[in-house]
Amino acid sequence: MFVRALLTLSLLVLAGACSAQTEDAEMVVRTAPTLHGELPIVIAHRGSSGNRVEHTLEAYRTGINYGADFIEPDLVLTKDGILVARHENEISGTTDVADKPEFADRKTTKIIDGQEYNGWFTEDFTLAELKTLRTKERLPEVRPGNAAWDGQWDIPTFEEVLQLLKEHEAKTGERVGVYPETKHPSYFASIGLAHEKPMLELLGKYGFDGADDPVFIQSFEVDNLQKLAKKTKIRLVQLVADQGGPPDRGDLIYADMITPTGLSDIAKYASGLGPSKSLIIGRDDQGHLKQPTSLVADAHKAGLVVHPWTFRIENVFLPTEFQGGYTASAIGDVKAEMKVYLATGIDGLFSDNPREATMAVDQFGAE
């Protein structure tokens, strides 16, 4: 990250010096591919989840060590109102809860955001009970190496994640950002466990509460972001998928939200857009990348930064032209894929492989 920061600083200093001299140099600044002319940020998706079991302190620590600018915890709540990091509040796929006879009677079926889920849910456990569980790899067939870490780590609280960042800053002087996602916020609010108050209090406690601090809050829902916009100066990011719509807004679909009019509406409460990467560059019937859409340019015109998700190194996730080997779990050239997206002007990217992402961004900045 230090190399990337130097490259960004050099770019801005050079551009500023030249813009004072000639109109041509000024045009270079104006046509920089990102919204603000800075190098894109790297967001360690659920930590370095391509290298360690996702949403563990070890995954976040590894993401930091690999040079990520931000680490991304998904936030759900416990029965006693504590924010913890899990991909979903249903935890049978990411913990050993099914192997715990003392919790057998907690298995249940719930309707969340219109979908039926069967399993064990964080909101039915106290933090103390959750801390007795151990994490496991969510995609063991794709990431057998990660599965070797099953049973090694517990579920971290959001405060433990923030403490990790502060410890790293105290030790190195480097400030790494945090990029939390509120998972199912309207559902949690409906059962008396709203995200906003405990999340903002913790972010403020650890110095992440201003528009200039390295923090973004993201959500697939709309109403909670609009409420947050009235309560905090923290930058907000509207997530959008390539199908469906916000779970809390039956009157909206994501396809309409990424039109110029929709993007202007998002810009009234958010600073950024977090689209599925397929909305920026789709794939043809053979799995090859097509030509980019106008989404990045349209979002920039609305004043929104663009942080697409998710870049992963395994074949099963890669476009055909960047795959390697012959199995779904074989490693391909994710850096080459990232470079195609970086050329569109994206302002950052989510990746399970932050080491490769930082290399791609550094190479992009040096070209």
Within a radius of less than 6.0 Å around [atom1] of [X], do more than 12 heavy atoms belonging to other residues, nucleotides or ligands occur?
{"X": "Lys166", "atom1": "NZ", "value": "yes"}
{"X": "Lys110", "atom1": "NZ", "value": "yes"}
{"X": "Lys227", "atom1": "NZ", "value": "no"}
{"X": "Asp212", "atom1": "CG", "value": "no"}
{"X": "Gln243", "atom1": "CD", "value": "no"}

Is [Y] close to [X] at the side-chain level, that is, under 4.5 Å between some pair of heavy atoms?
{"X": "His55", "Y": "Thr94", "value": "no"}
{"X": "Trp309", "Y": "Lys277", "value": "no"}
{"X": "Met338", "Y": "Ser351", "value": "yes"}
{"X": "Glu72", "Y": "Phe350", "value": "yes"}
{"X": "Arg143", "Y": "Glu314", "value": "yes"}
{"X": "Ile281", "Y": "Thr344", "value": "yes"}
{"X": "Val222", "Y": "Asp248", "value": "yes"}
{"X": "Arg86", "Y": "Thr122", "value": "yes"}

Hey, is the main chain of [Y] close enough, under 3.5 Å, to the side chain of [X] for a donor-acceptor pair?
{"X": "Gln218", "Y": "Tyr179", "result": "yes"}
{"X": "Asn51", "Y": "Thr62", "result": "no"}
{"X": "Asp333", "Y": "Phe322", "result": "no"}
{"X": "Asp74", "Y": "Ala85", "result": "no"}
{"X": "Trp120", "Y": "Phe103", "result": "yes"}
{"X": "Ser294", "Y": "Asp298", "result": "no"}
{"X": "Tyr254", "Y": "Phe220", "result": "yes"}
{"X": "Arg235", "Y": "Asp213", "result": "yes"}
{"X": "Thr320", "Y": "Gln286", "result": "yes"}
{"X": "Thr358", "Y": "Tyr66", "result": "yes"}

Original post:
For Thr126 and Asp80, what are the C-alpha separation, side-chain angles and deciding distance, and is it a side-chain hydrogen bond (donor to acceptor under 3.5 Å, both in side chains)?
Top reply: CA-CA 5 Å; Thr126 65; Asp80 43 348; 5.0 Å; no
Subject >> Step-by-step salt bridge (Lys or Arg N to Asp or Glu O under 4.0 Å) determination, Lys339 to Glu337 >> reply: CA-CA 5 Å; Lys339 288 179 182 178; Glu337 181 197 19; over 6 Å; no
Test item: side-chain donor near acceptor, [X] and [Y], under 3.5 Å:
{"X": "Asn224", "Y": "Thr182", "result": "yes"}
{"X": "Glu54", "Y": "His87", "result": "no"}
{"X": "Ser92", "Y": "Glu90", "result": "yes"}
{"X": "Gln163", "Y": "Tyr206", "result": "yes"}
{"X": "Glu221", "Y": "Ser186", "result": "yes"}
{"X": "Thr259", "Y": "Thr261", "result": "no"}
{"X": "His36", "Y": "Asp347", "result": "no"}
{"X": "Asn353", "Y": "His45", "result": "no"}
{"X": "Asp352", "Y": "Ser49", "result": "yes"}
{"X": "Asn315", "Y": "Gln323", "result": "no"}
{"X": "Glu123", "Y": "Tyr187", "result": "yes"}
{"X": "His288", "Y": "Arg283", "result": "no"}

Following the transitive rule for hydrophobic clusters with a side-chain heavy-atom cut-off under 4.5 Å over Ile, Leu, Val, Met, Phe, Trp and Tyr, establish whether [X] and [Y] coincide in one cluster.
{"X": "Phe317", "Y": "Val340", "result": "no"}
{"X": "Tyr269", "Y": "Leu203", "result": "yes"}
{"X": "Ile331", "Y": "Val316", "result": "no"}
{"X": "Leu139", "Y": "Val97", "result": "no"}
{"X": "Leu127", "Y": "Leu77", "result": "yes"}

Taking all heavy atoms of [X] and all of [Y], pick out the closest pair and write down the distance.
{"X": "Leu200", "Y": "Lys231", "value": "CD1-CB, 4.1 Å"}
{"X": "Leu263", "Y": "Leu295", "value": "CD1-CD1, 4.2 Å"}
{"X": "Asp284", "Y": "Lys290", "value": "N-CG, 3.6 Å"}
{"X": "Glu102", "Y": "Asp105", "value": "O-OD1, 4.0 Å"}
{"X": "Phe125", "Y": "Glu129", "value": "CA-OE1, 3.4 Å"}
{"X": "Leu83", "Y": "Pro198", "value": "CD1-C, 3.8 Å"}

Subject >> All side-chain hydrogen bond (donor to acceptor under 3.5 Å, both in side chains) counterparts of Lys197, not counting sequence neighbours >> reply: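 Testing Lys197 for side-chain hydrogen bond (donor to acceptor under 3.5 Å, both in side chains), a comparison that skips the adjacent residues, returns Glu201.
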Subject >> Evaluation steps, salt bridge (Lys or Arg N to Asp or Glu O under 4.0 Å), between Asp154 and Lys131 >> reply: CA-CA 6 Å; Asp154 65 6; Lys131 281 293 189 180; 3.3 Å; yes
**OP:** Check the pair Ser278, Asp242 against side-chain hydrogen bond (donor to acceptor under 3.5 Å, both in side chains), reporting the backbone distance first and the verdict last.
**Re:** CA-CA 7 Å; Ser278 64; Asp242 56 8; 3.1 Å; yes
Original post:
Between Asp124 and Arg106, is there a salt bridge with N-O shorter than 4.0 Å?
Top reply: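 Salt bridge absent between Arg106 and Asp124.
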Original post:
So Phe70 and Phe216, would you call those rings parallel, tilted or perpendicular, with 30° and 60° as cut-offs?
Top reply: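 Phe70 vs Phe216 ring planes: tilted.
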